[in-house]
Amino acid sequence: MELIRHSDGRWSLARVSELEYLMLSRIQESADPSGCDQALERLYPSPVAPTAQLDHEAALSIEEDWREYTGPEIRDGFSQALEKVALDIASASVEDDEGYEYYGMTLPDAHAESWCSALNQARLVLHHRHELPEEAEEMGVNPVSEEWIVVLQSEIYGMIMEFLIKEVLWDQ
Amino acid sequence: MKAWPPPWQVLIFDDPVNLMSFVTMVIRRIFGYSEQKATELMLQVHNKGRAIVWTGDREKAELFVQQLQSYQLLAAMEPVE
């Protein structure tokens, strides 16, 4: 995979292999926290710090308001970002290079924010759903386990995020 | 004489999954801090588990927490003791 910054307000994901494209296609599914309480709690945490010196009723009142008014706005933002990214991925072009198929897409800078949100959400949910260790070195030695594939997926998402943060979003 | 309501502080908590560059970018963007200050706060989150990133009135604290959570940062608020 090649990540390219253009000077005309666009960026590209180029020479994306079939495996990488498969992983990109899984962003939306991977970012879905359904059925994983830890991921749900992580994506939609309480607005009240656990150390807050508040009486129980005051904290409850803030949390109820948050659930009713703010939570849905945050959820909508996440959903919109995921939908935009899914459309971008579905619109990828396919190139044939000496018998190998590669995918590619050139996208406007305005999509970078949604990509960062979707990739980050997917990373968070993957780590909670699969209870991944903080560092790959802490993992077992079997490199073909599902856990390793999920780590690879998360690393690819993180690599794209680093590119977008440094090359596209940093000065916006 | 009317008493001022106590100020609230906005905190970011460490999350090992979030990229350090992402946390720094979000702090810069939301609070308008310099790159140096944003980096210092990010490192405080990373090394100490949490950092107070802003202090002020409750309404604005809520808005900042909403913005931070919209970037999927682990953020919350509390009244200053």
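In what follows, chains carry the letters A, B, and so on, assigned in the order in which the sequence lines appear, proteins first and then strands, with residues in each chain numbered from 1.
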Do B/Leu74 and B/Trp8 belong together in a cluster built from hydrophobic side chains that touch within less than 4.5 Å? no
Is there a path from A/Leu54 to B/Val80 through hydrophobic residues (I, L, V, M, F, W, Y) whose side chains come within less than 4.5 Å of each other? no
Quick one: what part of A/Leu124 sits under 4.5 Å from any heavy atom of chain B, side chain, backbone, both or neither? both
Part of residues 61-89 of chain A lying next to chain B, heavy-atom separation under 4.5 Å: A/Ile62, A/Trp66, A/Thr70, A/Glu73, A/Ile74, A/Phe78
Testing the basics here: between B/Ala76 and A/Ser46, what is the closest heavy-atom pair and its distance to 0.1 Å? CB-O, 3.9 Å
One pair to check against side chain to side chain contact (heavy atoms under 4.5 Å, CB included): B/Phe22 and A/Leu164. What are the steps and the verdict? CA-CA 10 Å; B/Phe22 184 62; A/Leu164 291 174; over 6 Å; no
When B/Val10, B/Val65, B/Leu68 are each screened for side-chain contact (heavy atoms from CB on, under 4.5 Å) with A/Pro47, the one that passes is B/Val65
If you count the non-hydrogen atoms of other residues, nucleotides and ligands that lie under 6.0 Å from NE2 in B/His46, is the total more than 12? no
If you group Ile, Leu, Val, Met, Phe, Trp and Tyr by side-chain heavy-atom gaps below 4.5 Å, do A/Ile149 and A/Met1 land in one group? yes
Point-to-point distance, once rounded to the nearest 0.5 Å, from OG1 of B/Thr24 to CH2 of A/Trp170: 5.5 Å
Between B/Phe13 and A/Pro50, is there a side-chain heavy-atom distance shorter than 4.5 Å? yes
Which one, B/Met25, B/Glu81, B/Arg50, leads in non-hydrogen pairs under 4.5 Å with chain A? B/Met25
Distance col, row B/Ser21:OG vs A/Lys166:NZ, nearest 0.5 angstrom, shows 5.5 Å
Is it the backbone or the side chain of A/Ser154 that comes under 4.5 Å from a heavy atom of chain B, or both, or neither? neither
Is A/Glu113 in contact with chain B via its backbone, its side chain, both, or neither, using a 4.5 Å heavy-atom distance? side chain
Side chain to side chain contact (heavy atoms under 4.5 Å, CB included) between B/Asp15 and A/Arg42: does it pass, once the steps are laid out? CA-CA 9 Å; B/Asp15 181 310; A/Arg42 172 58 190 85; 2.3 Å; yes
Is the closest side-chain heavy-atom distance between A/Val48 and B/Met77 below 4.5 Å? no
How long is the gap from CG on A/Asn120 to CG on B/Leu73, to the nearest 0.5 Å? 8.0 Å
Find the one option among B/Glu62, B/Gln9, B/Glu35 whose heavy-atom pairs under 4.5 Å with chain A are most numerous. B/Glu35
What part of B/Leu11 is in contact with chain A, defined as an atom under 4.5 angstrom from a non-hydrogen atom: side chain, backbone, both or neither? side chain
Output for pair (B/Asn18 CG, A/Arg123 CZ), nearest 0.5 Å, gives 8.0 Å
Looking at A/Gln172, I want to see if its CD is surrounded by more than 12 non-hydrogen atoms of other residues, nucleotides or ligands under 6.0 Å. yes
Is there a path of hydrophobic side-chain contacts, each under 4.5 Å between heavy atoms of I/L/V/M/F/W/Y residues, joining B/Phe31 to B/Val26? yes
Proximity breakdown for A/Ser117 and chain B, heavy-atom pairs closer than 4.5 Å: both
Let's go through B/Gln69 and A/Tyr44 carefully: what are the C-alpha distance in whole Å and the side-chain angles of both, what is the deciding distance for side chain to side chain contact (heavy atoms under 4.5 Å, CB included) to 0.1 Å, and is it a yes or a no? CA-CA 8 Å; B/Gln69 289 193 5; A/Tyr44 308 109; over 6 Å; no
Donor-acceptor pair, side chain of B/Arg29 and main chain of A/Leu169, under 3.5 angstrom: yes
Is the shortest heavy-atom distance from the side chain of B/Glu78 to the side chain of A/Gln53 under 4.5 Å? no
Check whether A/Tyr21 and A/Val150 end up in the same hydrophobic cluster, where Ile, Leu, Val, Met, Phe, Trp and Tyr are linked by side-chain heavy atoms less than 4.5 Å apart. yes
